[in-house]
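Below is the structure I would like to discuss, written out as structure tokens.
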2 protein chains.
Amino acid sequence: MTDASELAAFAALLADRTRAAMCLALLDGRAWTAGELAKHAGVARSTATEHLDRLIGGGLLSEARQGRHRYVRLADPGVAGLLEDITARLEPGLPAVRGLRAATADAALRRGRTCYDHLAGRLGVAVTDALTRDGLLDQEGGFAVTGYGVTWLIERLGVEPERLRAGRRPLARACLDWTERRPHLGGVAGARVCETFLGRGWVGRIGSGRAVKVTPSGRVALRELLALTDLD
Amino acid sequence: MTDASELAAFAALLADRTRAAMCLALLDGRAWTAGELAKHAGVARSTATEHLDRLIGGGLLSEARQGRHRYVRLADPGVAGLLEDITARLEPGLPAVRGLRAATADAALRRGRTCYDHLAGRLGVAVTDALTRDGLLDQEGGFAVTGYGVTWLIERLGVEPERLRAGRRPLARACLDWTERRPHLGGVAGARVCETFLGRGWVGRIGSGRAVKVTPSGRVALRELLALTDLD
DNA sequence: GCGACGGTTCGGCACCCACCGAACCATCGC
DNA sequence: GCGATGGTTCGGTGGGTGCCGAACCGTCGC
């Protein structure tokens, strides 16, 4: 049997506006840096450090240090599920309506969606895999765009060169998919790819949410460009 | 999307040792009085009042006033499920082991178990229904043992009369089953029935937990006594 | 009517903890 | 080497909240 103090200690992790905001942000499945979360939650960096320590210590989050960055994400899919269960309870609307909406939206989201500003879901992973297979992306120990990849982005995809040198943001970043349990391409390159696909009408948004689908013309283009089929 | 303050406010309900203890106690499915919960959690009655107000206001608990008593229980099965999800996460042991244990234990618990000190599960509900059908128990507006019921308990079940007048505890109490979604007999009468069944070997405990099963001799006795069949 | 009992209201106290800024450390790019 | 940037440590402050006891109210049983 779980002891009351244990349950209280666990709940206390989420019982703070700032920590709750961090966890909700991380529900998108991405790894955020401490600074990003601090800004998102509207607190000083020092405060964010303390909160992250608590959340990690409590097993809700896991961290990966990279250089001077501290990347943080939800510890495992179980945490994501628990958070979703709780937030589902807080949402207005009848459970039946929510269930229906979830069932239909769910399938679409699993197929393809945007995650922040890049592609995720089966579509995102498929594109990422194709880029890796063709030598445009290297997945050894973190994501990295190859020299050939840069050329490809500029010449084949028509990305303006200066839009690949966008300040401090990493060119490529691995972003974990909770539905696929596999990483997909984020960072500047991910954003440019997503932007291009949307701009050329290869993929289109479904309604106003994050879900996207491949269009008929996109189907042709992606087969030709990346040998991608099976994009149902 | 759920807002961070909302999530934090909800989590704060459980982020207190005393409130957590109350919720865990209520996980047994029974309705407790405010005083019982105060004693259980080890706080003054006044403090318990404040906590119960918050838990009820937050939708975790529901209350029923009866005379000078304030009965409190988990608001709905969804709350029970959520609490179980959270505590499951806090339990040690691999999810797989837990799942296996849960799957086997679950069926047995659903069939029959003790709830505090009386019978619950399908068995508890079946006994309660039989007692009502035979006029020993009245279910109109709360449970009550009839005069005939008292006689029956003493003469047919061999309960010592003074053991039916045990202080302040109600003779009969309705106790809700989360698995059956129906009330079963609690209170002094429920305890005496359970005690007798166990003492005569009509039901026996499975292992060391709460699960119980009807024994072969109990099968014969219960058919004769209450016309109960179908006690698989 | 009375006393006993369960529950509530209200002050007041003490402690916890979220927050910040300043100083500091480590890493990156030059 | 340097400055810029991301992150951490630490002291201090303020507000929130859990707690109690005392007084009070409503119900029960005599």
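Quantities reported herein were computed from a predicted structural model and do not represent experimental measurements. Residue numbers begin at 1 in each chain, while the letters A, B, ... track the order of the sequences.
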| Between atom CG of A/L225 and atom CZ of A/R200, what is the distance when rounded to the nearest 0.5 Å? | 8.0 Å

| query | Backbone N or O of B/T49 within a donor-acceptor pair of the B/R54 side chain at under 3.5 Å? | reply | no

| In whole Å, what is the span from the CG atom of A/L52 to the P atom of D/dT8? | 7 Å

| field | Spacing of A/R89 atom CZ and B/F10 atom CZ [to the nearest 0.5 Å] | value | 5.5 Å

| Once you round it to whole Å, what is the distance between P of C/dT8 and CD1 of B/I56? | 8 Å

| B/E50 CD - D/dC19 C1' separation (whole Å) | 8 Å

| note | Output for pair (A/L55 CG, A/S62 OG), nearest 0.5 Å, gives 11.5 Å

When you compare the protein's N or O atoms with those of nucleotides 27-29 of chain C, which come within less than 3.5 Å of each other, and at what distance?
residue	atom	partner	partner atom	Å
C/dT27	O2	A/R68	NH1	3.0

| Ionic contact status for B/D53 with B/R70, cut-off 4.0 Å | yes

| Distance in Å, A/E36 CD paired with A/H69 NE2, rounded so as to fall on 0.5 Å steps | 9.0 Å

Taking N or O atoms only and anything under 3.5 Å, show me the protein contacts with nucleotides 13-17 of chain D, one pair per line.
none

| field | A/R156 CZ to A/T151 OG1 distance, which is reported to the nearest 0.5 Å | value | 12.0 Å

| message | How close do A/A21 and A/A41 get, counting heavy atoms only, and between which atoms? | response | CB-CB, 4.4 Å

| task | State the OG1-CG distance between A/T128 and A/L136, to the nearest 0.5 angstrom. | result | 11.0 Å

| request: Could you identify which residues of residues 38-47 of chain A place a heavy atom less than 4.0 Å from some atom of DNA chain D, listed by residue number, or say none? | output: A/R45, A/S46

| Salt-bridge criterion met for B/E195 and B/R192 (N-O under 4.0 Å) | yes

| request: Answer yes or no: is there a donor N or O on one side and an acceptor on the other, between the side chain of A/R19 and the main chain of A/L13, under 3.5 Å? | output: yes

| For A/H51 and C/dC19, is the shortest distance between a side-chain N/O and OP1 or OP2 below 4.0 Å? | yes

| said: Can you measure B/E63 atom CD to C/dG6 atom P for me and round it to whole angstrom units? | reply: 18 Å

